[in-house]
Amino acid sequence: MLELFAGELRRLRMAAGLSQEALGERISYSASLVAAVEQCRRLPQNEFAEECDSALGAGGLLLRIRESIMRESLTPWFREWVAIEQKATALRSFEPLVVPGLLQTEDYVRALLEGASQLSGDAREQLVTSRLARQPILEGTSPPLMVAVMDEVVLERPVGSPKVMRAQLLHLVDVASRPRVHLHVVPKAAGAYPGLNGAFVIATSPEGDDLGYLDNQLKGTVVERSADVLSLRQTWESVRAEALTQGQSTKLISEAAAAWT
C-alpha cells in the first residue's frame, strides 16, 4: 500500500506538471519530504496526504490509500481494539510505565519504539504513524471522555532526550486543559497499589457496555467476559483513589517538565 500511495502521488504530480519542489511549495512542505514519500522512505502523515490530495485534485484518492496503509500497519489483534476505541464514549486508561498512547508526542513515540521495540526502519515508522493516527479522536466534535491515570515514575523515566521529555510533559499539561480530558498522577508516596500489576484501558461503548484491553510482550487482549471487566473496574477504582486531583497532577507534571532541561 505504501508503494501504491507513492506511485499515485508521483503520477498525479507529473500529470499536473509539477516538480517535487513545486508541489512542496504549493502544499507548504519541503521538496525533500515529497521525494522521501515518493521513494517510500517516509510514511505520509494525514495532513500531508490531505494537502496533496487537494492540491492535485485527487478527489480523496490519496486519503483513502493512506487509510488503507493505517489499517495494514495495525496487527490483526490490535485492529479490534482500535475499532472499539474509535467508537467509545469514554476511555479510562492506566499506565504505570509510559505515557498513554493517545497522549504521546511523535518524538516520544519514536524514542519509545527505538528503545523498546524490536522493529526497525519502515516497520517501526509505520507503527509511529498508526499510533499518531489514533489521536484525533480526542480532538473531534464529539470526543470521548478520556480519564488517564499514570504513575509518577512515568514523569521521571527518560524516553529520548531531555528535550523530548520536556515537550512530552508540556503536551500533557496542554491536553489536560481540554474539557473532555482528565489527567491524574499516582504519587510515588502511594507505595504499592493494585495498578502496579500492569497497564489497562476500559472503553465504554455507545450502548453503555464496558470492554477492557490488556497488553503484554506478545500481544494485546480485548477483555469482554463480564467477571473480568468487573475486576478491571474494581482495579480502576482502587487506582483512581490513589491518584492526585487533576490540579495537583498538572502542577506535578509542570514541575517535572521544568526539571527536564
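At a threshold of 4.0 Å, the pair E8-R11 counts as salt-bridged, since one of the basic side-chain nitrogens sits closer than that to a carboxylate oxygen. Ion pair R233/E237 not flagged as a salt bridge, since none of the NZ, NE, NH1 or NH2 atoms sits closer than 4.0 Å to an Asp/Glu carboxylate oxygen. Between E106 and R110 there is a salt bridge, since at least one side-chain N of the basic residue sits less than 4.0 Å from a carboxylate O of the acidic one. The pair D107-K163 fails the salt-bridge criterion, with no side-chain N (NZ, NE, NH1 or NH2) lying under 4.0 Å from an Asp/Glu carboxylate O. Classification of R66 and E50 as a salt-bridged pair fails, no side-chain N sitting under 4.0 Å from a carboxylate O.
A donor and an acceptor atom, one from each side chain of T245 and Q248, are located under 3.5 Å apart. Checked by atom type, the side-chain pair Q168/Q104 shows no donor-acceptor distance below 3.5 Å.
When the shell of 6.0 Å around CZ of R26 is examined, it contains 12 or fewer heavy atoms from other residues, nucleotides or ligands.
Hydrophobic clustering, defined by side-chain heavy atoms of Ile, Leu, Val, Met, Phe, Trp and Tyr closer than 4.5 Å, leaves M14 isolated from every other such residue.
Evaluation of the salt bridge (charged side-chain N to carboxylate O under 4.0 Å, His left out) rule for E156 yields K188 as partners, not counting sequence neighbours.
Looking only at distances, no side-chain donor or acceptor of E95 sits under 3.5 Å from a matching main-chain atom of V154.
Sorted by first and then second residue, the ring pair (Phe, Tyr, Trp, His ring centres under 6.0 Å) pairs involving residues 225-261 (not counting sequence neighbours) form an empty list.
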- Message: Apply side chain to side chain donor-acceptor pair (under 3.5 Å) to residues Q234 and S231 and explain how you reach the verdict.
- Response: CA-CA 5 Å; Q234 292 172 339; S231 179; 5.0 Å; no
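When ring centroids are compared, F200 and Y213 stay outside the 6.0 Å threshold.
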